[in-house]
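These notes are about the structure you will find just below.
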There are 2 protein chains.
Amino acid sequence: MSLRHAVLGLLAEAPASGYDLMKLFNASLSSVWPATQSQVYGELTKLTTAGLVEVAAHGPRGRKEYAITDDGMAELRHWLTEVEPSGPQRHAGVLRVFFLGVVTPLEAQTYLLHQAERAARTRATLEHIEETAEWDEEMISVYGRIALEYGLRMSATQEEWARWAADEVTSAKARKASELARAQHEEGRQSPEE
Amino acid sequence: MSLRHAVLGLLAEAPASGYDLMKLFNASLSSVWPATQSQVYGELTKLTTAGLVEVAAHGPRGRKEYAITDDGMAELRHWLTEVEPSGPQRHAGVLRVFFLGVVTPLEAQTYLLHQAERAARTRATLEHIEETAEWDEEMISVYGRIALEYGLRMSATQEEWARWAADEVTSAKARKASELARAQHEEGRQSPEE
DNA sequence: GCACGCATGTAATTGGTTACATGATTGC
DNA sequence: GCAATCATGTAACCAATTACATGCGTGC
C-alpha cells in the first residue's frame, strides 16, 4: 500500500490538491512510484474517510486543498520507521535474460547492448536533473539528492553489467565454436577409418 | 504482460505441468518475476486457448504436461527481440527516502543502514547460489549466470549507496548544527545591544 | 491405511491502467 | 469569445494476491 504513503509523504511537505499532487508525482516521483490521476483522486477520498488527511481549503473550480492530519503524520512515521520495505520486485529487463538462449547469440548481444544504452540514457537524464536542480539548504533536498544518487549509481551499474554481459555472450560463443571445431576434428580423424 | 512470457520461456526449455512451473518460478524466477499458483494455472489455460502452448501429455493425478507451440516460440522470440522492456518500475525502498525528512536524522540513518544490511544479505544469498549451483556447459547456464551477476552487482551497489547515504545524513546534520551554532553566536553578539 | 507430495482449480479482493466525461477560470 | 490550463471524478478492465477447495498416487 505504498501509494497511500506516497500521497501522505507529499502532503507532509505542503498542503496540495489532487491536481497539484499529480504534478508532483510526474515531476519527482515518476521513476520510483508512478501513479495515475484516477489513483490519486481515489486515494485522496479514501484517506479522507480514514481521517489521515482532511480538506483544509476550498478554492476556485471546485479545488480541494488537502492537508495531512496528525493521524496521517503518525501513520507516515510508522511506515517509515517500523514497516519493512517489501513488495515483490519485478524486473522485466532481467526476466528476458533468462530466456535469451532461445534467440541467436547475436540477437542476445543486441538486446544487452540496447539495455546498456538505455541505462546510459537514464543516467544522462539524471545527471541533467542533478545539474539543473537548485539544491537549497532544506532537509528535504538532502534526501532528494540521496534518492537521485541511487538512480545514478544504479544506472551506472546496470550499464556496466549489460556491457559485461554482452562480452560474456561473445566468449561463450567462442568457447562453443572451438568445442565444435575440436569435435569435427576428431570426427575427421575417425571418418576415413570407417 | 510478462507473466505470459515467463511461462513461455520456461516451457521453451522443456515441457512442464503447472505444478512443475510453480517449482521453477519459486526456484529460479522468484526474485525477478514472482508468480502465484493461481496466476500460473490461469495463464496456462489462457495460453492454451490462444494456441501458444498445448497439452502434450496427460499424466497421473490429472497432470497436464504443457509444451510450447510454434506460435508460442514465435511470440517468445518476438517479445525478446522486438518489444522494448518497460512496465513501470516501482521501488518502495527508494520512495521512503524522499520522505525521510519527516523523521529524525537518527531514524533516517537507522533506516538506511537497515537497507544496507538487507542488500548485504541478498548478496550473500546470491553468492551462495553461485557457489552451489552446477554450471553445466549449456547455453542456458550462460544466461542464468548473467542474470545472477546482475543481482550480485545490484545488491553490492545498493549496499554501498545505503552506507554512503547514511554518512550523508551525518554530514548534513553536522552542517545544520554548525549553522545553528553560528546563528546563535550572532544572536548572542546582538542581544546585549538591543 | 495414512501421511505426504503431486496436481488442479475457483472466488474474493486489491492495486493499477486506460479511457471517458465534465465543467470552471484565466489570460489573450 | 476561445484556447489553455485547472480541476475533479467514474467505469471498465487487467494483473496480482490471498484464501479456499478438492482429490489422486506413492511409499512407508
Side-chain angles (χ1 to χ4, degrees), chain A residues 1-8 10-11 15-27 29-50 53-66 79 83 85-92 95, chain B residues 1-8 10-11 15-27 29-50 53-67 79 85-92 95:
Chain A
M1 264 213 306
S2 289
L3 173 70
R4 156 159 300 199
H5 299 104
V7 170
L8 284 175
L10 290 174
L11 290 178
S17 67
Y19 190 84
D20 294 339
L21 288 175
M22 269 317 293
K23 281 194 291 186
L24 290 170
F25 266 97
N26 292 330
L29 253 46
S30 60
S31 51
V32 287
W33 207 272
T36 60
Q37 185 240 42
S38 338
Q39 250 181 309
V40 170
Y41 282 105
E43 196 60 51
L44 281 170
T45 54
K46 276 189 233 163
L47 282 166
T48 308
T49 51
V53 305
E54 61 187 3
V55 179
H58 289 266
R61 282 169 286 217
R63 175 190 171 94
K64 288 188 249 176
E65 198 164 72
Y66 291 90
W79 175 73
V83 183
S86 68
Q89 292 266 85
R90 289 194 165 78
H91 202 308
L95 177 63
Chain B
M1 262 212 306
S2 289
L3 173 69
R4 155 160 301 201
H5 298 105
V7 170
L8 284 174
L10 290 174
L11 289 177
S17 67
Y19 190 85
D20 294 339
L21 289 174
M22 269 318 293
K23 280 193 292 186
L24 290 170
F25 265 98
N26 291 331
L29 253 48
S30 60
S31 52
V32 287
W33 206 272
T36 60
Q37 185 239 43
S38 337
Q39 249 181 310
V40 170
Y41 282 105
E43 196 60 51
L44 281 170
T45 56
K46 277 189 233 163
L47 282 166
T48 308
T49 51
V53 305
E54 62 188 2
V55 179
H58 289 267
R61 280 168 286 213
R63 176 191 171 93
K64 287 188 249 175
E65 199 164 71
Y66 292 89
W79 174 73
S86 68
Q89 291 267 85
R90 290 193 163 78
H91 203 307
L95 176 63

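So you know, we letter chains A, B, ... as the sequences are listed, proteins then strands, and number each from 1.
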- Whole angstrom value for the distance that separates P of D:dA15 from CG of B:Leu44: 15 Å

- Measure the distance from CG on A:Leu47 to P on D:dT8 and round it to the nearest whole Å. 15 Å

- Query: Does B:Tyr66 reach the side chain of B:Asp20, with side-chain heavy atoms less than 4.5 Å apart?
  - Reply: no

- Message: From NZ of A:Lys23 over to C1' of D:dT5, roughly how many Å is that when rounded to an integer?
- Response: 9 Å

- Message: What contact category does A:Arg4 fall into here, base, sugar-phosphate, or nothing, at under 4.0 angstrom with non-hydrogen atoms?
- Response: nothing

- Query: Does the base of D:dA19 carry an N or O that pairs as donor and acceptor with the side chain of B:Ser38 under 3.5 Å?
  - Reply: yes

- Query: Mapping B:Arg63 and A:Thr36 to their closest nucleotides on DNA chain C, which lands nearer the 5' end?
  - Reply: B:Arg63

- Query: Does A:Lys64 place a side-chain N or O at less than 4.0 Å from the phosphate oxygens OP1/OP2 of D:dG9?
  - Reply: yes

- Task: Taking all heavy atoms of B:Lys46 and all of B:Arg4, pick out the closest pair and write down the distance.
- Result: CB-NH2, 4.0 Å

- Task: Between A:Gly62 and A:Ala35, name the one whose nearest nucleotide on DNA chain C is closer to the 5' end.
- Result: A:Ala35

- Task: Choose from C:dT17, D:dA19, D:dT18 the nucleotide whose nearest atom is closest to any side-chain atom of B:Pro88.
- Result: C:dT17

- Message: Measure OH/B:Tyr41 against P/C:dC6 and give the value in whole Å, please.
- Response: 11 Å

- Quick one: does B:Tyr41's side chain have a donor or acceptor within less than 3.5 Å of a partner on B:Thr36's backbone? no

- Item | Among D:dG9, D:dA16, C:dT8, the one nearest B:Gln37 by side-chain distance | C:dT8

- Query: Rounded to the Å, how far apart are B:Tyr19 OH and D:dG23 P?
  - Reply: 18 Å

- Task: Grab the NE2-P distance between B:His58 and D:dC24 for me, whole Å please.
- Result: 17 Å

- Task: Write down the distance between CZ (A:Arg90) and P (C:dT17), rounded to a whole number of angstrom.
- Result: 13 Å

- Query: Considering only C:dG16, D:dA16, C:dC6, which nucleotide approaches the side chain of A:Trp33 most closely?
  - Reply: C:dG16

- Closest contact, heavy atoms only, B:Val40 versus B:Gly18: CG1-O, 4.1 Å

- Task: Sort out for me which residue in B:Arg63, B:Met22, B:Lys64, B:Lys23 forms a side chain to side chain contact (heavy atoms under 4.5 Å, CB included) with B:Ser17.
- Result: B:Arg63

- Quickly work out the A:Leu95 CG to D:dA15 P distance and round it to whole Å. 15 Å

- Item | 5′-ward residue of the pair B:Gln39/B:Arg61 relative to DNA chain D | B:Gln39

